[in-house]
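Every chain is numbered from 1, with letters handed out A, B, ... down the list of sequences.
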2 protein chains.
Amino acid sequence: MTDDHGRTTYRHGDLRGALIAAGIEMAREGGPDAVVLREATRRAGVSPNAAYRHFDDRDALLREVSDACLGLAADRIERSFDEHPPTGDPQADARQLLRSVGLGYLGFAREEPGLFRTAFSVPDNLNRAAESAKAGRRGRTPFQLVGVALDALLEAGLLPPERRPNAEFLAWATVHGLGMLVIDGPLRGLDDRMIDFATERLLDMVDRGL
Amino acid sequence: MTDDHGRTTYRHGDLRGALIAAGIEMAREGGPDAVVLREATRRAGVSPNAAYRHFDDRDALLREVSDACLGLAADRIERSFDEHPPTGDPQADARQLLRSVGLGYLGFAREEPGLFRTAFSVPDNLNRAAESAKAGRRGRTPFQLVGVALDALLEAGLLPPERRPNAEFLAWATVHGLGMLVIDGPLRGLDDRMIDFATERLLDMVDRGL
DNA sequence: GTAGGGTTGTGGACAGTGTACACATCGCGT
DNA sequence: ACGCGATGTGTACACTGTCCACAACCCTAC
């Protein structure tokens, strides 16, 4: 436990970090709506208004929590990379790389639906998609990871150069959509085998159609 | 105006409908979080608690608003059908049918982002995806419309029978994902031309990869 | 080392929300 | 005509985000 809830000093030490951590925990259980400012301060053992020394308002806190969630998604994708190490065949490896992005992304959505929803609950845009706040431990954001995989496909000659620009949008949209439908869309409640199967087919489609 | 705000009778007449209508209007402007029960009753010219005669709680109201939004999405897709009438070539027509679903769906997301987000803000599952409450004026839900298009592809011989089962998931996930990314994901703020282009490419991908 | 001064946390207050409970008013079927 | 179930009202409470004035602290300049 890193929280000095029962602190003795007047200053907290790292209230900002504690509030974000509390926010992530709440987001994990209940999604973006569950990250409530007062509760975060309560968990940090501090009065409600203390939060305003570190965040303009609740939205600012949520934004930071959301960025952190994107970082966790990046971590999950990197883990998926590690689980499918390159074999030496450049073409097969490139395809597996993109597949791994999809698998990691969807794994994150299924394992941490609250964090997943929180990650995308805050309006964003392309300019900010590569901000370091959204990066995982290895310093890359999910958006960048998709790009890496696509670059590999390009280099392996599996993606015609004229199709490379903005291909991120297509790949990302596809897995993102499945993620959303699975966690609280109509595909919710499907058994795991079914979802695995849909995932494989979806990735096949991307592989074939990109 | 159908709202009898300045009513003279004790009974409202159609409070239930008025609350849903007010909810839709609020959702249009601010998405699911903006549909607030008290404000709905205010707009209906009624005391806050009157709502509880028609809905268990705020969530129940939101659910109904959400269903209505899905119906509006269905209407938008049907409009897209009308804009791309069949030409007589069964294969081309079938492909255009699926394309029209995608275009209508994404058109709805872009034209009515608040309603779009509201439509998918409520946990759902497959069993309920065909409920008549979610249907448009012509009685079909968005999920059913995707199915119709896929059936046409099957019949035209463009979709191998073994790939027909659950193909809804793939097609839907793809356009849904693009919709989400465009309205408040990283693709937000892209100019229309760019989005049109991405839409076309996405639909090409589905066409090729399904 | 001591007097400020900026930073961080506190306390009290207010509007707005969802919702429970008791009460009022009405329309309809007997 | 009456009474009962359905619909709308009033009051109240806990909870939220946020504003303002105040308190406690740490750091820096003399």
Side-chain angles (χ1 to χ4, degrees), chain A residues 2-66 114 117-118 121-123, chain B residues 2-27 29-66 114 118 121-123:
Chain A
T2 53
D3 78 276
D4 32 23
H5 192 101
R7 76 187 196 283
T8 167
T9 57
Y10 184 75
R11 301 293 216 259
H12 178 284
D14 181 24
L15 182 52
R16 181 186 179 77
L19 291 177
I20 294 179
I24 292 177
E25 229 40 53
M26 293 185 283
R28 191 195 305 281
E29 294 163 23
D33 291 350
V35 22
V36 17
L37 191 144
R38 283 179 102 108
E39 172 66 17
T41 61
R42 230 171 280 135
R43 297 193 185 188
V46 111
S47 94
N49 287 324
Y52 288 87
R53 298 294 164 196
H54 303 274
F55 304 96
D56 279 356
D57 52 19
R58 179 199 174 251
D59 251 33
L61 170 59
L62 182 58
R63 203 162 19 228
E64 303 248 9
V65 171
S66 164
R117 280 165 46 210
T118 305
S121 66
V122 161
Chain B
T2 50
D3 79 274
D4 32 19
H5 193 102
R7 77 186 195 283
T8 167
T9 56
Y10 184 76
R11 300 293 215 262
H12 178 284
D14 181 24
L15 182 52
R16 180 186 181 78
L19 290 176
I20 294 180
I24 293 177
E25 229 41 52
M26 294 185 281
E29 293 164 25
D33 292 351
V35 20
V36 16
L37 191 145
R38 284 178 101 109
E39 172 66 17
T41 60
R42 230 171 281 135
R43 295 192 186 188
V46 111
S47 95
N49 287 325
Y52 289 88
R53 299 294 165 197
H54 302 274
F55 303 96
D56 278 356
D57 52 19
R58 180 201 174 249
D59 251 32
L61 169 60
L62 182 58
R63 203 163 18 228
E64 303 248 8
V65 171
S66 164
T118 305
S121 67
V122 162

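In this structure, A:D56 places its CG atom 15 Å from P of D:dG17, rounding to the nearest Å. Look at CG on B:L37: it is 19 Å from P on D:dC15, rounded to the nearest Å. Note: CD (A:E39) to P (D:dT16) measures 7 Å, nearest angstrom. Atom C1' of nucleotide D:dG17 and atom CZ of A:R42 are separated by 12 Å, given to the nearest angstrom.
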Exercise. Could you encode protein contacts along nucleotides 2-8 of chain D as a string, one character per nucleotide from 5' to 3', using B for base contact, S for sugar-phosphate-only contact and - for no contact, with a heavy-atom cut-off of under 4.0 Å?
Key: ---BBBB
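Within 4.0 Å of A:R58, counting heavy atoms only, lie sugar-phosphate atoms of the nucleic acid but no base atom.
Side-chain atoms of B:R42 do not come within 3.5 Å of backbone N or O of B:L37 as any donor-acceptor pair. The backbone N or O of A:G114 lies less than 3.5 Å from a partner atom in the side chain of A:T118, making a donor-acceptor pair.
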Exercise. Start with the C-alpha gap between A:R16 and A:E64, add the side-chain angles, then the distance that decides, and say whether side chain to side chain contact (heavy atoms under 4.5 Å, CB included) holds.
Key: CA-CA 10 Å; A:R16 181 186 179 77; A:E64 303 248 9; 2.5 Å; yes
Quiz item: Yes or no on side chain to side chain contact (heavy atoms under 4.5 Å, CB included) for B:V65 and B:V122, after CA distance, side-chain angles and deciding distance?
Solution: CA-CA 10 Å; B:V65 171; B:V122 162; over 6 Å; no
Exercise. Just do the side chain to side chain contact (heavy atoms under 4.5 Å, CB included) check on B:L15 and B:H54 with the steps written out, would you?
Key: CA-CA 8 Å; B:L15 182 52; B:H54 302 274; 3.8 Å; yes
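Checking A:Y52 against A:T9, the closest nucleotide of DNA chain D that is more toward the 5' end is the one next to A:Y52.
Taking each heavy atom of B:R58 and B:P32 in turn, the nearest pair found is NH2-O, 3.2 Å.
The structure places CG of B:D57 at 10.0 Å from CG of B:L62, a figure rounded to the nearest 0.5 Å. The line from OG1 of B:T41 to CG of B:L61 is 10.0 Å long, rounded to the nearest 0.5 Å.
In the 5' to 3' direction, nucleotides of DNA chain C lying under 4.0 Å from heavy atoms of chain A begin and end at C:dG6 to C:dG12.
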